[in-house]
Amino acid sequence: MEEVIIFGMKLAFSLALVGILSWIFYIYGTLWYNSQRVRRKLRMQGIRGPPPSSFLHGNLPDMQRITSQASNISKDNDQFLAYDYSAALFPYFQHWRKQYGLVYTYSTGMKQHLYVNEPDLVREMNQCITLNLGKPSYITNKLAPMLGNGILRANGHSWAQQRKLVAAEFFMDKVKGMVGLMIEAAQPLLLKWEQIIEDQGGAKAEVKVDADLRGFSADVISRVCFGHSYSKGKEVFLKLRSIQKIMSNHGFLFRQTGFLEKLKFRTKKQDEISSLESEIESLIWELVEERKRECSSEKDLMQLLLEAAMSDQSLGKDFSKQFIVDNCKNIYFAGHETTAVAASWSLMLLALYPEWQDRIRTEVAQHCPNGIPDADSLPLLKTVSMVIQEVLRLYPPAAFVSREAYEDIQIGSLNVPKGVCLWTLIPTLHRDPEIWGPDSNEFKPERFSEGVSKAIKFPQAYVPFGIGTRLCVGKNFAMVELKVVLALIVSKFSFSLSPSYKHSPAYNMIVEPGHGVYLLIQKN
Ligand code: HEM
């Protein structure tokens, strides 16, 4: 008996030893050997970068050190406009750019990255149509509870299938039909601001615009996704935002979560995320079931996804359900926050440049009866478009275009090894004086008077909506929505920046005014 126990213990010990050795080999293989191999391949092509300062974490300690050393942004209005927000939020990129140029490599331990801000290479990325270039898996894995397997996270054929379906819903002819619902959704905001002015004596009042703009864009997206059931859909939006807040607190972009941290995170936050996730799923599914019972002819996004899922027998019941739920969540996330934040930045910049408010007001009065735009008059609002383009240049809500090479791929003359993540920093491209000229940090909407192609040397370097095959599906929709809301606000109110405004761009998956935008508004 004793011999059996001793044998059992020896066996357990040997197995544990084999396990530990395999783990060490795995770590050595994936971390060290792999990253050395990839770095060597890149170096042979002339790509340099900071040497990793940590065996396990690559350049992460350097990134933390550079970030903590970065000085605070000046709060002086004249100066902050000239400030590329990435210098404050991602100072390590600027730091290394000075040393290694427009294309360089760095490591975060498990992953090797390539910073790509060279316009020709950005164009080549733009033209690269292979399905082997997708969203970085280590980031999309973190987003799984929020986005499921919807279009934003998906890669390869699953992405292509979803893209075909979802994109069709946001073609310009469809978007034109949504102008009415956008105007309707803006009414509560306009009435609220009028009431605030009234309550503060009828002349000038201070408003913090961000939550109202977020409410507006959530309302618009709810109406697009869920048609007449949009008020129920808004509950989905509130829950999604809660998940976003929990997740973005956890070193979202580059930091990989350690094993112990994962355990701690699991007990503390994961339960909260899981319960929000299942509440969202039940809410959307309730709406879908309701819609099925109604046999509605309404053609909102949910109906379209429902029809597509039902017509494709190969999808299977569970997949169909997931497909609808996930894509509703994806459009909610992708569509409402970005647009609301772009509207906040627009009002901030217009507050600094009252002459552009005047120009918009004159234009709206000229083309829109009663100051209310419609599908016919919107294309005539050229000044509003120019202002939005300039806002998206200086304060793009999405800071990056990011990709991962799933196989070794060729981008222009560069061979990108499998597993490398590519990062294009949008605000830096948008402010590069080599591309935009010496006035690149100035607010000058007139640079877009003859379109993007005439505004810069390399049109591929203007990418507020991303690049190439994964270009933002909602680009037309967002532009129309922004035009509607800005035209309505500016023709009703005049405004300047309140002394309560503190310039503090903050990264929260997108780049938003950290302390909100405070305006002093008055009725026109
Ligand atoms: C000002 C507002 C917006 C900005 C700045 C913006 C920006 C972006 C960017 C940078 C990307 C990534 C592109 C890439 O990786 O190359 C993207 C993707 C996407 N956007 Fe937008 N977006 C906005 C509004 C919207 C709206 C209103 C919707 C939906 C109604 C939307 C839906 C999507 C979707 C579904 C994707 C994923 C496309 C794919 O992976 O195939 N976006 N957006």
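Atoms within each ligand, like the ligands themselves, are counted from 1 in listed order.
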Undergrad: Are any of the N or O atoms of S402 closer than 3.5 Å to those of ligand 1?
TA: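 So ligand 1 has no N or O lying under 3.5 Å from an N or O of S402.
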Undergrad: Is F400 close enough to touch ligand 1? Criterion: a residue heavy atom under 4.0 Å from a ligand atom.
TA: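 False for this residue.
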Undergrad: Do the side chains of W159 and R153 get nearer than 4.5 Å, heavy atoms only?
TA: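 A side-chain contact is absent here, since even the closest heavy-atom pair is not under 4.5 Å.
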Undergrad: Please confirm whether R163 comes within less than 3.5 Å of ligand 1 when only nitrogen or oxygen atoms on both sides are compared.
TA: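 There is such a contact, yes.
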Undergrad: So which protein heavy atom does atom 36 (C) of ligand 1 come closest to, and at what separation?
TA: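 Atom 36 (C) of ligand 1 sits closest to the protein heavy atom L152 CD2, 3.6 Å.
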Undergrad: Would you call the rings of Y104 and F93 parallel, tilted or perpendicular, taking 30° and 60° as the class edges?
TA: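 Rings of Y104 and F93: tilted, as their planes differ by 30° to 60°.
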Undergrad: Please confirm whether N330 approaches ligand 1 to less than 4.0 Å, judged on its heavy atoms.
TA: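 No, that is not the case, since the closest heavy atom of the residue is not under 4.0 Å from the ligand.
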Undergrad: Can you confirm whether E337 sits close enough to R241 that some side-chain heavy atom of one is under 4.5 Å from a side-chain heavy atom of the other?
TA: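 Yes, close enough: below the 4.5 Å cut-off.
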Undergrad: Check whether any side-chain N or O of W436 sits under 3.5 Å from a backbone N or O of L429 as a donor-acceptor pair, and report yes or no.
TA: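 Present.
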Undergrad: Checking the N or O distance criterion of under 3.5 Å, is ligand 1 in contact with R403?
TA: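 Among all N and O atoms of R403, at least one is under 3.5 Å from an N or O of ligand 1.
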Undergrad: Report, in ascending order of atom number, the atoms of ligand 1 lying under 4.0 Å from any heavy atom of W159.
TA: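 What qualifies from ligand 1 is 39 (C), 40 (O), 41 (O).
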Undergrad: Give the ring-plane orientation class for F170 versus F477, where under 30° counts as parallel, over 60° as perpendicular and anything between as tilted.
TA: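 Rings of F170 and F477: perpendicular, over 60°.
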Undergrad: How far is atom 13 (C) of ligand 1 from the closest protein heavy atom, and which atom is that?
TA: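 Here the nearest protein heavy atom works out to R470 O, 3.1 Å.
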Undergrad: Measuring only between side-chain heavy atoms, which start at C-beta, is P397 closer than 4.5 Å to L392?
TA: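 The answer is yes, as the side chains (C-beta and beyond) meet within the 4.5 Å cut-off.
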Undergrad: Do R431's NZ or CZ and the ring of Y395 fall within the cation-pi criteria of under 6.0 Å and 45°?
TA: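 Yes, R431 lies over the aromatic ring of Y395.
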Undergrad: Do the rings of F400 and Y507 sit parallel, tilted or perpendicular, given the 30° and 60° boundaries?
TA: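 Judged by the thresholds at 30° and 60°, the geometry between F400 and Y507 is perpendicular.
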Undergrad: Under 3.5 Å, side chain of D210 to main-chain N/O of S344, donor-acceptor pair present?
TA: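 No, because the side chain of D210 does not come within donor-acceptor range (under 3.5 Å) of the backbone of S344.
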Undergrad: Under 4.0 angstrom from ligand 1, any heavy atom of T339?
TA: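 The answer is yes, since T339 has a heavy atom less than 4.0 Å from ligand 1.
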Undergrad: So does L152 get a backbone contact from the side chain of N330, meaning a donor-acceptor N/O pair under 3.5 Å?
TA: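 Pair found, side chain donor or acceptor close to backbone of L152.
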Undergrad: Do you know how many protein N, O or S atoms are within a distance smaller than 2.8 Å of atom 21 (Fe) of ligand 1?
TA: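 Near atom 21 (Fe) of ligand 1, the number of protein N, O or S atoms below 2.8 Å is 1.
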Undergrad: So, 4.0 Å and heavy atoms of K135: is ligand 1 close enough to count as a contact?
TA: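 The answer is yes, since K135 has a heavy atom less than 4.0 Å from ligand 1.
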Undergrad: Output yes when a side-chain donor or acceptor of Q112 lies under 3.5 Å from a complementary backbone atom of C421, and no otherwise.
TA: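 Flag not set: sc Q112 to bb C421 has no pair under 3.5 Å.
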Undergrad: Given 3.5 Å as the limit, does a donor-acceptor pair link the side chain of D326 with the main chain of N149, or not?
TA: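 It does hold such a pair.
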Undergrad: Considering only heavy atoms, which of V341, I151, V175 lies nearest to atom 35 (C) of ligand 1?
TA: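 That would be I151.
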Undergrad: Under 4.0 Å from a heavy atom of P464: give me the atoms of ligand 1 that qualify, with their elements.
TA: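 Those of ligand 1 that fall under 4.0 Å from P464 are 5 (C), 7 (C), 10 (C).
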